[in-house]
Amino acid sequence: MVIWSDIPTLTDILITHGPPLAHLDGDRCGCCALLAALWRVRPQLHVFGHVHAGRGVARVKWDQAQMTYESICAGRTGWGGMVKLLWYELTAWLWKSFLGGGTSTILVNAAAVTGLRDEHKKGAIVVEI
């Protein structure tokens with residue numbers, strides 16, 4: 001965690017080798033400590049690769065639903081977490097105009113290939129911040 005704690009809190013764009021846990025990381029092989037650092041820093045854009053099967057783009061909204069989802073992925077929460085996640089999602093859907101925008105991060109897994117033995121190179125991923 002020491003290396004991740006060195007990321008300045010005012011970072012807008014973060015580039016790392018591998019993904020955070022539960023985000024574009026294939027079969028949940030991302031880094032838990034990096035995920036904790038993202039919660040602290042909340043950059044506008046985080047670009048990484050390494051896990052070829054996770055190639056793609058996702059947006060993370062830093063809210064209670066996201067925290068619950070990540071707890072489920074990390075195995076810290078069981079069925080109660082699923083109920084909690086559904087509750088947060090339903091509440092957000094019903095009351096989204098009152099909840100405000102909140103902060104979010106665009107995650108990009110820019111792996112050049114999509115599988116372990118995939119020889120076909122993929123093109124660039126373009127995102128708008």
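Heavy-atom basis, side chains included; hydrogens, waters and symmetry copies ignored.
- For residues 15-25, the pairs satisfying salt bridge (charged side-chain N to carboxylate O under 4.0 Å, His left out) are D25-R28, with sequence neighbours left out.
- One distance of note links CH2 of W4 with CZ of R40; it measures 11.5 Å at 0.5 Å rounding.
- The shortest distance between side-chain heavy atoms of I125 and R55 falls below 4.5 Å.
- Legend: residues meeting side-chain contact (heavy atoms from CB on, under 4.5 Å) with L45, ordered by chain and number and at least two apart, are I13, V47, I106, V108, V127, I129.
- Counting Ile, Leu, Val, Met, Phe, Trp and Tyr side chains that sit under 4.5 Å apart, directly or through other members, L10 stands alone, with no cluster partners.
- Under the 4.5 Å side-chain heavy-atom criterion for ILVMFWY residues, a single connected hydrophobic cluster contains both L21 and L107.
- Scanning all heavy atoms of the two residues, the minimum distance from G18 to T16 falls at O-OG1, 2.8 Å.
- Every residue two or more places apart in sequence or in another chain that forms a side-chain hydrogen bond (donor to acceptor under 3.5 Å, both in side chains) with T105 is listed here: W62.
- Residues W39 and I3 are members of one and the same hydrophobic cluster, defined by side-chain heavy-atom contacts under 4.5 angstrom among Ile, Leu, Val, Met, Phe, Trp and Tyr.
- Take H46 and apply the ring-ring contact (aromatic ring centres under 6.0 Å, His included) test, not counting sequence neighbours, and it matches F48.
- The shortest side-chain heavy-atom distance between Q66 and H23 falls under the 4.5 Å cut-off.
- The two residues L24 and G56 come nearest to each other via the heavy atoms CD1-O, 3.4 Å.
- P19 approaches G49 most closely through the heavy-atom pair CD-O, 3.7 Å.
- Linking Ile, Leu, Val, Met, Phe, Trp and Tyr whenever their side-chain heavy atoms come within less than 4.5 Å puts I7 and L38 in one cluster.
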